[in-house]
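Working notes for the structure below.
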Amino acid sequence: MEIFTAIKQDHDHQRTLLSMLEDTSGDSLVRKKYYNELKDALAAHAIAEERYFYAPLMKSDMTIEDSRHGIAEHHEIDELIEALDNTQFSDPSWLVTLKKLKDKVEHHLADEERAFFQRAGKVLNNSEKSQLADEYQQEMQAQR
Ligand SMILES: [Fe+2]
Ligand SMILES: [Fe+2]
């Protein structure tokens, strides 16, 4: 497997969780369950991706800007998660912030999957692409 496929699988999981969360209401068990699942998925993914995708791509002039931009967006995502953590599930503003998070994450994933993956595809050789997928997946396991 290539690193792109491994990352894309986790992105799709994040998209599913975000859509399901958008349909939850108030202080419900479903909201709590999906939200905790989303937080874990985002946190593990950010660490694994920064270590086994961004870090090696920092070494190339062609992808250093994409990596820096991605890390900045990971921080923006963290801030929205923090805002959600500090809001009661029953507060109507929780869903407003969740929608902001959904837009932010969806934009970020699209950025990564389009321009960034394309440039990274030119920078990494085939053995690096599969090696990074293995390392990325091991890190994801370790984060669980
Ligand atoms: Fe990312
Ligand atoms: Fe990602």
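As the structure lists them, so they are numbered: ligands from 1, and atoms in each ligand from 1. The shown structure was predicted, so the numbers you read here are calculated from the model rather than taken from an experiment.
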Near-ring test Y54/F116, centroid separation under 6.0 angstrom: yes
Pairing residues for Y136 by the ring-ring contact (aromatic ring centres under 6.0 Å, His included) criterion, not counting sequence neighbours: H45
Residues K39 and D85 bridged, charged N to O under 4.0 Å: yes
Under-2.8 Å neighbours of the Fe ion (ligand 2), protein N/O/S atoms only: 4
Chi angles and distances behind the side chain to side chain contact (heavy atoms under 4.5 Å, CB included) call for F89, L95: CA-CA 8 Å; F89 283 127; L95 199 58; over 6 Å; no
Electrostatic pair D12-R15, nearest N-O below 4.0 angstrom: yes
S28 side chain vs T24 backbone, donor-acceptor pair below 3.5 Å: no
